[in-house]
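The first residue of the sequence shown is numbered 1, and numbering continues consecutively from there. All values below were derived from every heavy atom in this structure, side-chain atoms included, with hydrogens, water molecules and symmetry-related copies excluded.
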Amino acid sequence: MAKKKVLYRERTTPLWQVIMANWQIYLLLIPALVILIWFRYIPMYGIQIAFKDYNIVKGIAGSDWVGLKYFEKLLKNSMFLRALRNTLILNLYNFLFQTPMPIFFAVLIDSCKCLWYKKTIQTVSYLPHFLSWVIVGALFSNLLALDTGIVNRIVTMLGGEQRVWLSSEDCFRGIVTFADIWKSTGWGTIVYLAAMTGIDPSLYEAASIDGAGRWQRIWHVTLPGIRATIAVILIMRAGGALVNDVEMVLALYSPTVYEVGDVLGTYMYRTGIGNMKYSLTAAAGLFTSVIGMILMIGADRISNKMGERGIW
């Protein structure tokens with residue numbers, strides 16, 4: 001045992017020698033590390049605002065400590081609980097409807113044999129990703145407009161009655177989910193298409209020899225081949241269970257649908273910037289981050305127990 005330890009130590013290269021031997025690669029990491037530290041780690045100094053009665057004049061260091069006072073306020077605040085409920089429901093909608101769409105779309109594109117048609121579909125489906133939510137919000141507002149919107153015109157032609165779709169509590173969550181699917185599905189297929197390129201073609205040939213049809217090859221070869229990628233995406237989604245795209249909701253919602261459309265991000269934006277309740281907003285943000293981390297770690301552990309690699 002002692003000899004093995006000596007041999008192991010002799011074979012271990014000091015970290016500084018590894019860095020010096022590959023200094024060009026580590027040099028490329030410096031800009032990314034600077035950005036990460038400057039925008040992610042240094043702002044963590046402000047987390048203590050959640051535990052202080054923050055005063056702009058006194059600053060962070062001069063403000064008085066109040067412990068968990070603002071966390072208790074949050075849990076008793078009906079608007080925060082409403083925003084928490086709406087956030088969970090919207091993310092559940094996204095999980096049920098938005099998550100499978102890139103997988104389904106990637107499978108269809110991968111199965112397409114016509115190269116020019118395949119590339120055209122890929123390009124067209126990616127384009128909505130590059131549109132800002134302001135443009136997407138304006139587009140859906142025009143489509144759903146009361147008198148001039150194409151949706152209301154079709155409803156009228158079919159004998160129905162026009163309605164203000166974006167001001168309807170029954171329809172708002174569905175519209176937001178559909179807009180998110182339309183905007184992000186094409187871009188999300190990139191990850192799955194890249195994963196599909198790593199599947200051994202001989203597996204498809206063997207399945208064909210065994211008499212498997214197209215859908216059987218997809219079910220028994222393609223989907224198992226990208227299972228690890230799907231697991232990682234689901235773990236990341238679990239970590240974002242209390243996070244919504246604030247721009248997405250802001251571009252589409254209005255005070256008439258606060259009851260179903262006000263999420264944690266918009267609540268913190270309104271409370272923190274609009275009402276200048278910085279400590280309460282910081283407490284809400286810290287609460288969201290901690291719960292998200294717990295959910296992500298839990299999902300990763302479940303993934304590992306099911307035989308998948310996970311993210312750690």
Side-chain angles (χ1 to χ4, degrees), residues 39-40 79-106 124-146 149-152 163-192 233-275 281 284-285 287-289 291-292 295-296:
F39 290 103
R40 296 296 180 183
M79 289 192 295
F80 172 78
L81 296 176
R82 181 187 66 185
L84 178 62
R85 180 197 65 201
N86 293 335
T87 300
L88 291 172
I89 293 175
L90 277 176
N91 277 304
L92 178 62
Y93 281 14
N94 283 333
F95 177 78
L96 293 176
F97 302 109
Q98 200 273 339
T99 301
M101 288 303 295
I103 303 172
F104 178 72
F105 198 57
V124 172
S125 64
Y126 297 162
L127 290 179
H129 172 78
F130 299 99
L131 299 177
S132 70
W133 273 110
V134 175
I135 297 175
V136 174
L139 176 63
F140 274 80
S141 295
N142 288 328
L143 290 174
L144 301 171
L146 186 59
I150 188 172
V151 174
N152 275 318
R163 62 187 302 182
V164 184
W165 297 95
L166 287 174
S167 297
S168 172
E169 293 185 355
D170 297 332
C171 303
F172 181 77
R173 289 171 180 161
I175 294 171
V176 171
T177 303
F178 179 80
D180 192 22
I181 292 173
W182 178 77
K183 189 176 187 296
S184 60
T185 295
W187 186 256
T189 58
I190 294 176
V191 177
Y192 297 109
I233 298 297
L234 291 178
I235 291 170
M236 299 300 291
R237 280 198 170 273
L242 296 183
V243 179
N244 291 110
D245 194 328
V246 180
E247 294 181 1
M248 172 183 69
V249 180
L250 283 175
L252 296 172
Y253 90 148
S254 62
T256 57
V257 290
Y258 275 178
E259 188 62 32
V260 296
D262 191 27
V263 295
L264 288 175
T266 55
Y267 167 79
M268 289 186 282
Y269 170 79
R270 234 181 23 258
T271 305
I273 297 179
N275 299 330
T281 306
F287 172 85
T288 301
S289 300
I291 298 299
L295 290 174
M296 186 166 63

Is Tyr126 atom OH crowded by more than 12 heavy atoms from other residues, nucleotides or ligands, each under 6.0 Å away?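 Yes.
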With a 4.5 Å cut-off on side-chain heavy atoms, are [Y] and [X] touching?
X: Thr99; Y: Asn94; value: no
X: Leu166; Y: Ser254; value: no
X: Asp180; Y: Val176; value: no
X: Trp182; Y: Thr185; value: no
X: Val246; Y: Met268; value: no
X: Asn152; Y: Trp165; value: yes
X: Met79; Y: Tyr258; value: no
X: Ile235; Y: Met296; value: yes

Rounded distance (nearest 0.5 Å) linking atom CZ of Phe80 with atom CZ of Phe287: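 Result: 4.5 Å between the selected atoms.
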Enter the distance from Thr256:OG1 to Phe172:CZ here, rounded to the nearest 0.5 Å.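 That separation rounds to 8.5 Å.
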Output yes when a side-chain donor or acceptor of [X] lies under 3.5 Å from a complementary backbone atom of [Y], and no otherwise.
X: Ser168; Y: Val164; result: no
X: Thr266; Y: Asp262; result: no
X: Thr87; Y: Leu264; result: yes

Report the relative orientation of the aromatic rings in Phe130 and Trp187; use parallel for angles under 30°, tilted for 30 to 60°, perpendicular for over 60°.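 Because their plane-to-plane angle is over 60°, the rings of Phe130 and Trp187 count as perpendicular.
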With Arg173 via side-chain contact (heavy atoms from CB on, under 4.5 Å) - residues at least two apart: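 Counting only residues at least two positions away or on another chain, Arg173 forms a side-chain contact (heavy atoms from CB on, under 4.5 Å) with Arg85, Asn86, Ile89, Leu90, Tyr93, Val260.
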Check side chain to side chain donor-acceptor pair (under 3.5 Å) between Ser132 and all other residues, then give those that pass, not counting sequence neighbours.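 In terms of side chain to side chain donor-acceptor pair (under 3.5 Å), with neighbours along the sequence ignored, Ser132 is linked to no residue.
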